[in-house]
Amino acid sequence: MFKQIRRDIQVVFARDPAARSMWEVIFCYPGFHAIRFHRLAHWLYRHHRLFLARLLSQLSRCLTGIEIHPGAKIGQGFFIDHGMGVVIGETAEIGDNVLLYQGVTLGGTGKEKGKRHPTIGDNVVIGAGAKVLGAIRVGNDVKIGAGSVVNKPVPPDSTVIGIPGRVVVHQGVTIENDLRHGDLPDPIMDMLQSMAERLNELEHNQK
């Protein structure tokens, strides 16, 4: 247990240049607290102490603002930076050396049974506010941009951005795509333009 705690502390120093001391990490890092709570809750979950596991995960949620279901499987080197609003579902699986920022959701898409949350590979970075939904696989060495919504599998060594998430870089090569934010449709402007055209038509008919 102490070896695992030491490893989790080392992860914080490796991931966050703002970390100055071991005591600061132990007392002031909600991401560290959340993973420590989860490791105990997951042990209880695997030993069929389901109520105690869920109770501990809810206590962790109240103290850290991070909700990790005790059934989620999380590898080594996991770090949540800042962390407020992070949600990780029951059947989510997270590999080694994964970094999540605040507001990330690893969630489901409905009320289906069985595997319904994503599987995240090794060395993955998921930006603030990103949503990864459904029983999809995100490959190793993937970067998901802040605010993206990913609901389809992502190949290894890729960068994903946008809503819905699209692969824009794969194995270091930029992929041609039509995700030009300056050219995205403006539904409000389209509606106003349609109303203006309708008013002109009505005025014309009254003459």
Side-chain angles (χ1 to χ4, degrees), residues 8-9 11-20 24-42 44-45 53-112 115-138 142-154 158-166 181:
D8 289 337
I9 291 173
V11 168
V12 177
F13 282 111
R15 293 285 193 170
D16 188 356
R20 293 179 176 83
E24 183 181 20
V25 172
I26 291 173
F27 288 104
C28 302
Y29 273 72
F32 172 75
H33 302 154
I35 190 61
R36 294 311 315 155
F37 273 112
H38 174 71
R39 295 204 190 283
L40 178 54
H42 185 63
L44 291 169
Y45 185 88
R54 197 63 192 273
L55 184 64
L56 187 60
S57 73
Q58 289 302 299
L59 175 61
S60 174
R61 178 178 180 269
C62 292
L63 294 175
T64 66
I66 299 167
E67 181 172 348
I68 308 176
H69 193 285
K73 299 177 182 178
I74 298 178
Q76 300 298 321
F78 179 67
F79 180 52
I80 302 174
D81 197 2
H82 298 290
M84 181 63 70
V86 167
V87 177
I88 300 175
E90 178 184 15
T91 61
E93 299 177 51
I94 300 174
D96 296 333
N97 304 315
V98 172
L99 171 61
L100 307 185
Y101 287 92
Q102 65 271 19
V104 167
T105 298
L106 305 181
T109 57
K111 297 181 179 180
E112 66 273 15
K115 176 66 172 170
R116 59 192 184 279
H117 299 102
T119 297
I120 309 297
D122 300 336
N123 308 309
V124 173
V125 177
I126 304 180
K131 315 299 177 187
V132 185
L133 306 175
I136 62 174
R137 178 168 182 84
V138 174
V142 166
K143 296 180 178 64
I144 297 176
S148 301
V149 177
V150 181
N151 56 12
K152 293 182 179 179
V154 180
S158 301
T159 299
V160 178
I161 62 171
I163 304 174
R166 304 185 188 187
H181 290 280

- Query: Is any side-chain heavy atom of Pro164 less than 4.5 Å from a side-chain heavy atom of Val149?
  - Reply: no
- Query: Rounded to the nearest 0.5 Å, what separation is found between the CD1 atom of Ile136 and the CG atom of Asn151?
  - Reply: 6.5 Å
- Are the side chains of Asn97 and Asp122 in touch, meaning some heavy atoms are under 4.5 Å apart? no
- Query: Any side-chain heavy atom of Leu100 sitting closer than 4.5 Å to one from Ile88?
  - Reply: yes
- Item | N/O donor-acceptor pair under 3.5 Å between Thr64 side chain and Ile66 backbone | yes
- Item | Pairwise distance CD1(Ile120) to CD1(Ile126) - rounded to 0.5 angstrom | 4.5 Å
- Message: Is it the case that the side chain of Asp96 and the backbone of Gln76 share a donor-acceptor pair, with hydrogens and angles ignored and the cut-off at 3.5 Å?
- Response: yes
- Taken to the nearest 0.5 Å, the spacing of Leu56 CG from Gln58 CD works out to 10.0 Å
- Rounded to the nearest 0.5 angstrom, the SG-NE2 distance for Cys28 and His33 is 7.0 Å
- Task: Might you confirm whether atom NZ of Lys115 has over 12 heavy atoms from other residues, nucleotides or ligands at distances under 6.0 Å?
- Result: yes
- Rounded to the nearest 0.5 Å, what's the gap from CD1 on Ile80 to CD on Gln102? Could you check? 11.0 Å
- Any donor-acceptor N/O pair, Lys131 side chain to Gly103 backbone, under 3.5 Å: yes
- Task: Measure the shortest side-chain to side-chain distance between Val11 and Phe32 over non-hydrogen atoms and say whether it is less than 4.5 angstrom.
- Result: no
- Please tell me if the side chains of Val104 and Ile144 come closer than 4.5 Å, counting only heavy atoms from C-beta onward. no
- Message: To check you understand the geometry: which heavy-atom pair defines the closest contact between Gly162 and Ser148, and what is its length?
- Response: N-OG, 3.1 Å
- Query: Do the side chain of His117 and the main chain of Gly107 share a donor and acceptor less than 3.5 angstrom apart?
  - Reply: no
- What do the steps show when you test Arg15 against Asp81 for salt bridge (charged side-chain N to carboxylate O under 4.0 Å, His left out), and what is the final call? CA-CA 8 Å; Arg15 293 285 193 170; Asp81 197 2; over 6 Å; no
- What heavy-atom pair brings Ala41 and Ala53 nearest, and what distance separates the two atoms? O-CB, 3.3 Å
- Hey, mind stepping through Val160 and Val138 against side chain to side chain contact (heavy atoms under 4.5 Å, CB included) and telling me if it holds? CA-CA 10 Å; Val160 178; Val138 174; over 6 Å; no
- Message: If we ignore hydrogens and angles and just use 3.5 Å, is the side chain of Thr91 paired with the main-chain N or O of Arg116 as donor and acceptor?
- Response: yes
- Query: Shortest non-hydrogen contact from His38 to Ile74?
  - Reply: CD2-CD1, 3.6 Å
- Looking at Arg54, His69, Lys73, which one forms a side-chain contact (heavy atoms from CB on, under 4.5 Å) with Glu90? His69
- Can you tell me how far the CZ atom of Phe79 sits from the CZ atom of Phe13, to the nearest 0.5 Å? 10.5 Å
